[in-house]
Participant: 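One structure follows; several queries about it will come next.
Note: hydrogens, waters and symmetry copies are ignored here, and every other heavy atom, side chains too, is used.
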Amino acid sequence: MVDEDHPGLSIARQCELLSIARSSFYRTACGESELNLTLMRLIDEQFMECPWYGSRQMARHLRRQGFSVGRKRIRRLMDKMGLVPIFQKPKTSKPCPEHKIYPYLLRDLAIDRPNQVWCADVSVPQQAA
């Protein structure tokens with residue numbers, strides 16, 4: 001893509017035309033280390049057995065195997081491999097069917113003057129311990 005020996009365009013101009021940083025042209029990408037490749041293989045094997053393992057449980061599993069690894073490293077490797085644990089998400093927005101749904105009384109009311117509509121809070125405040 002970038003021709004170092006181009007007679008009319010400098011490397012900086014070619015990088016600018018390609019919308020890439022000049023430093024990314026000079027820097028060669030290095031792959032993962034042998035230890036990370038070994039960890040990724042072990043993570044993949046364990047994830048096939050326990051697909052609900054997240055980065056914390058996977059790091060704990062690898063520490064039991066004798067590897068000195070942190071959770072953030074395992075999280076990065078799992079993200080790189082595209083592994084997402086299977087777990088039930090919280091259902092915080094799902095209403096309980098037994099709860100009463102109160103009607104909204106101001107739906108068709110045009111509010112066009114001050115003090116036409118008032119609001120009050122009747123909840124009981126928590127007592128400080």
Participant: Can you find a pair of side-chain heavy atoms, one from F67 and one from L35, that are under 4.5 Å apart?
Facilitator: yes

Participant: Going by salt bridge (Lys or Arg N to Asp or Glu O under 4.0 Å), name the residues that satisfy it together with R107, two or more places apart in sequence or in a different chain.
Facilitator: none

Participant: Report the distance from atom CG of L62 to atom CD1 of I74, rounding to the nearest 0.5 Å.
Facilitator: 5.0 Å

Participant: Using the side-chain contact (heavy atoms from CB on, under 4.5 Å) criterion, which residues pair with C96? Sequence neighbours excluded.
Facilitator: E98, H99

Participant: With sequence neighbours left out, write down each residue that passes side chain to side chain donor-acceptor pair (under 3.5 Å) with R13, or none if nothing qualifies.
Facilitator: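 Side chain to side chain donor-acceptor pair (under 3.5 Å) check on R13 returns E16.
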
Participant: Scan residues 70-91 for pairs that pass side chain to side chain donor-acceptor pair (under 3.5 Å), counting only residues two or more places apart or in two chains.
Facilitator: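 Counting only pairs at least two positions apart or across chains, the side chain to side chain donor-acceptor pair (under 3.5 Å) contacts touching residues 70-91 are E32-R76, E32-K80, N36-R73.
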
Participant: Less than 3.5 Å apart, which donor and acceptor atoms pair up between the side chains of residues 111-120 and the rest of the protein, not counting sequence neighbours?
Facilitator:
residue, atom, partner, partner atom, Å
Q116, OE1, D112, N, 3.0
Q116, NE2, A110, O, 3.3
W118, NE1, N115, O, 3.3

Participant: Sequence neighbours left out, what passes side chain to side chain donor-acceptor pair (under 3.5 Å) with S123? Give chain and number order.
Facilitator: D121

Participant: Please tabulate, for side-chain N and O atoms in residues 42-58, each donor-acceptor pair with protein atoms closer than 3.5 Å (sequence neighbours left out).
Facilitator:
residue, atom, partner, partner atom, Å
E45, OE2, R41, NH1, 3.0
Q46, OE1, H61, NE2, 3.1

Participant: Linking Ile, Leu, Val, Met, Phe, Trp and Tyr by side-chain heavy atoms under 4.5 Å, what else ends up with L17?
Facilitator: L9

Participant: Output the rest of the hydrophobic cluster of V84: all Ile, Leu, Val, Met, Phe, Trp and Tyr residues reachable through side-chain heavy-atom contacts under 4.5 Å, sorted by chain and number.
Facilitator: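 Answer for V84: none, a lone residue.
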
Participant: Measure across A59 and V69 and return the closest heavy-atom pair with its distance rounded to 0.1 Å.
Facilitator: O-CG2, 4.1 Å

Participant: Among residues at least two apart in sequence or on other chains, which ones pass side-chain contact (heavy atoms from CB on, under 4.5 Å) with S24?
Facilitator: I20, A21

